[in-house]
Amino acid sequence: MKYIISFLSIFFFFGCSKDDSAGSRTFTPDDLTVLNLTSIVGEAVPMPGGDTGSPTSLNTISISGTIDSQSGLDLTGLKVNVRVLGENGTPLGIGEAVCTPSEIAPGASCTFSITITLESSDYKTSQSIEITPGCDQGTGTLRLIPVTWPDS
């Protein structure tokens, strides 16, 4: 009887000490993804032409959204890298933004907002936006979003 009670005690001790926390204890790219995009806005802002006096425009694309963690780890240094791509994947503009908050607990989310300046292109020439979340623990899953702009 004494042995049975000892065996059951050990069985329940190890059986009840399972780690039920969400996610893995090792970071993988699938642990950090772009959950949703709240807006993608293209804009051509008129700018003074300088010496020539002719007006030019500064083209920008503003993007905001949410990053979701499925990791079982506390994540730090959260950020997004964004590339605006034109025809045949030609880079038109790039940027990086820190997420808010920049540190999250396991299973939490953060938000980002970034404006990319297109130096020599109209924002309507962009065909896709590449968003890659990252943190101090690693790089998350890249998301490629096709974009189409209404005619003016």
Intermediate values then yes/no, side-chain contact (heavy atoms from CB on, under 4.5 Å), L73 and D31:
CA-CA 10 Å; L73 302 170; D31 288 342; 5.9 Å; no
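Nearest heavy-atom pair, S69 versus L75, reported as atom, atom and distance to 0.1 Å: OG-CD1, 3.4 Å. Across all non-hydrogen atoms, the minimal contact from S121 to L92 is OG-CD2, 3.4 Å. Annotation for Q127 and E87: closest pair OE1-CA, 3.6 Å, computed over non-hydrogen atoms. Contact record, L32 with P133: O-CG, 3.6 Å, taken as the closest heavy-atom pair. Between W149 and I61, the shortest heavy-atom contact is CZ2-CD1, 3.9 Å. Taking all atoms of both residues into account, the shortest heavy-atom contact from L78 to P101 is CD1-O, 4.1 Å.
Atom OG in S57 sits 10.5 Å away from atom CG in L118 (nearest 0.5 Å). For the atom pair CD1 (I114) and CD (E96), the distance works out to 8.0 Å, reported to the nearest 0.5 Å. Taken from CZ in R83 to OG1 in T132, the straight-line distance is 8.0 Å, to the nearest 0.5 Å. Atom CD1 in I145 sits 3.5 Å away from atom CD1 in I131 (nearest 0.5 Å). Here the straight-line distance linking atom CG of D122 with atom CG of N59 works out to 4.5 Å at 0.5 Å rounding.
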With a cut-off of 3.5 Å and sequence neighbours excluded, list every side-chain donor-acceptor pair involving residues 105-113.
unit_1	atom_1	unit_2	atom_2	d
S109	OG	D68	OD1	3.1
T111	OG1	T100	O	3.3

Listing, residues 134-143 side-chain donor-acceptor contacts under 3.5 Å, not counting sequence neighbours, or none:
unit_1	atom_1	unit_2	atom_2	d
D136	OD2	T76	OG1	2.9
Q137	OE1	T76	N	3.1
Q137	NE2	T76	OG1	3.2
T141	OG1	P29	O	2.7
T141	OG1	D30	OD1	3.4
R143	NH1	V34	O	3.4

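By the rule that hydrophobic residues join a cluster once side-chain heavy atoms approach within less than 4.5 Å of another member, V82 and L35 end up as members of separate clusters. Put simply, Y123 and L85 are part of two different groups of oily side chains (I, L, V, M, F, W, Y) that touch within less than 4.5 Å, one to the next.
In I94, the CD1 atom is not crowded: 12 or fewer heavy atoms of neighbouring residues, nucleotides or ligands sit closer than 6.0 Å.
Counting only heavy atoms from C-beta outward, the side chains of I129 and I116 never approach each other to under 4.5 Å.
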